[in-house]
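Let me begin by presenting the structure, written as C-alpha cells, before commenting on it.
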Protein chains: 2
Amino acid sequence: MLKLSRLADYAIVILVKLGEQDGVVTSPALAAITGVPEPTVAKVLKVLSAHGFVLSQRGAKGGYRLARSLADMSVASVIAAVDGQIALTACVGGRECDTGLSCGLCGSWDVINTAIRSTLEGISLESMRPKEACSTVLSQINKLNATHTVREGA
Amino acid sequence: MLKLSRLADYAIVILVKLGEQDGVVTSPALAAITGVPEPTVAKVLKVLSAHGFVLSQRGAKGGYRLARSLADMSVASVIAAVDGQIALTACVGGRECDTGLSCGLCGSWDVINTAIRSTLEGISLESMRPKEACSTVLSQINKLNATHTVREGA
DNA sequence: CCGAAACAGGACCATTCAGGTCTTTAATTA
DNA sequence: TAATTAAAGACCTGAATGGTCCTGTTTCGG
C-alpha cells in the first residue's frame, strides 16, 4: 500500500518534537515525549546523527539537538536518510527489472519516482508541525488520558 | 524505502502488456509475455478482474482482456486496487497514530498522502508504454540474452 | 580520581507480511 | 461429455522490518 516504514515515520515525529524543545534532549526524554520505545528512539537518533540532522553531545548532561532549522529539512531527505533512496520500483535508471527482460517498461518508472521524490522534497518538516486547532484537540485528548494522574490547567 | 509492492508492479506491467494484445489472452500466455510466474499472474489478474480493470471469460478459449483503454487507467487506481489505499502512514484522516497520543502531527500526513496520490493519479498506464528508443535498447538486450538460443534479425 | 550518565556502534532475535504455490470448484465450448 | 480455463481460497516460505540488548567510549559531577 505504498507505505512509509515506521522508522521513517518515527524519525519525522522525533525531529519535529526535538525542534520544539530547547537545549539538548536525551533519548529517554524524547521517548517520553513521543511515546516511542526508548531503544527505538535511540536507534533512530543515531541514524539521524550520522546523517547530520541532529547534533549529539556525549557524556553526562549530553543529548541531542537539531543541527539546523526544521524549515531546512525536507520530508524526502529524512526518509532517504532512514530508509534509503526513494524509489517505487527496483528498475530505476533505465535498468531492467529482475523479472527477466520482458518488462519493457524501462525508464517509465523513473517518471513516477521523480514525481514522488520532488513532491516529498517540497514538504519541509516545519510544515509538519501541528496546527493550532489541531493542538487544541490533542491537548483535550491528552487531558482525557491523564485524568487519573495529573490535571494540568483544567 | 517507500517502495511499491511487487504485486502492484506486476499488475501495471501485465495491464500494459495486455493492452498490446488483441482478443482474449490466457494467464499462461501473459506469464510467457511478461516473464512473471504463471500462478502469480493468475493471482494478479483475479484482483484486477474483481476491480474492473480486466474482463474475464471462463471456459475453453477463455482468457482476459482490458475492460477499458490504458489511457483511462491511472497508476494510482491500479496500486489502490492491488495494495489498498495509498497512504504513507497509519495516521490518516486526522486520527492519531498507534504510538499513543504523543505524535501531535495529526493531519499533517494528509498533506503528504494527498500530494502523492494526486501525483500518481495524473499518470496513466498509457504513458507507461515503452517508448520507441527504449524498445530498441530492449531488443538489443534481448538479443544478447538469446545468443545461444535464437538469433533473430542479426 | 572515581562513578554515573549518556551516546556510539554493533549484534541479535522475533514477528510480520508479502510473494508464491497448490487444490478444488465452476463455467464454457467443442 | 470431455477438455480447457478462470475463480476462489487455503497454505507455506522466506525476507525484511522493527525492536531489544550489550559492550564500549566520552563527559560531567562529586
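Chain naming here is simple, since letters A, B, ... match the order of the sequence lines and numbering starts at 1 in each.
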Test for a donor-acceptor pair under 3.5 Å between the base of D/dG29 and the side chain of A/Lys61, counting only N and O atoms. no

Which pair of heavy atoms, one from A/Ala67 and one from A/Gly52, lies closest together, and at what distance? CB-O, 3.3 Å

Between B/Thr40 (side chain) and B/Val36 (backbone), is there a donor-acceptor pair under 3.5 Å? no

Would you mind reading off the distance between A/Leu7 atom CG and D/dA16 atom C1', rounded to a whole angstrom? 12 Å

For atom CG of A/Leu48 and atom P of C/dA8, their distance in whole Å: 11 Å

Tell me whether the side-chain N/O atoms of B/Ser49 come closer than 4.0 Å to OP1 or OP2 in D/dA6. no

Could you check how far CG of B/Leu55 sits from P of C/dA27, rounded to whole Å? 18 Å

What's the OH-P distance between A/Tyr64 and C/dA6, to the nearest Å? 12 Å

For the pair made of NE2 in B/His51 and P in D/dA8, what is the distance, rounded to whole Å? 12 Å

Looking at D/dA7, D/dG18, C/dG20, which one has an atom nearest to any side-chain atom of B/Tyr10? C/dG20

Backbone of A/Met73 reached by a side-chain donor or acceptor of A/Ser77 within 3.5 Å: no

May I ask you to verify if any side-chain N or O of A/Thr26 is less than 4.0 angstrom from the OP1 or OP2 atom of C/dC7? no

Ignoring hydrogens and angles, state whether a donor on the side chain of B/Ser74 or B/Ser124 is under 3.5 Å from an acceptor on the partner side chain. no

Side-chain donor or acceptor of B/Ser127 paired with backbone N/O of B/Ile123 under 3.5 Å: no

Among D/dT17, C/dT28, D/dA6, find the nucleotide with the atom closest to the side chain of B/Ala60. C/dT28

Without swapping roles, check the side chain of A/Thr34 against the backbone of A/Leu30 for a donor-acceptor pair under 3.5 Å. yes

Taken to the nearest whole Å, CD1/B/Ile14 to P/C/dG20 is 11 Å

What nucleotide among D/dA7, D/dG19, C/dC7 has an atom nearest to a side-chain atom of A/Ser56? C/dC7

Return no unless some side-chain N or O of A/Ser27 is found under 4.0 Å from OP1 or OP2 of C/dC7. yes

Which whole-number value in Å describes the distance from A/Arg6 CZ to D/dA16 C1'? 13 Å

Just compare C/dT21, D/dA6, D/dG18 and give me whichever is closest to any side-chain atom of B/Lys43. C/dT21

Nearest-0.5 Å distance that lies between atom CG in B/Leu48 and atom CG in B/Leu15: 5.0 Å

Could you list, one pair per line, each protein nitrogen or oxygen that sits under 3.5 Å from a nitrogen or oxygen of nucleotides 22-26 of chain C, together with the distance?
unit_1: C/dA26; atom_1: N3; unit_2: B/Arg58; atom_2: NH2; d: 3.1

On DNA chain D, check which nucleotide each of B/Gln57 and A/Gln57 is closest to and give me the residue with the more 5' one. B/Gln57

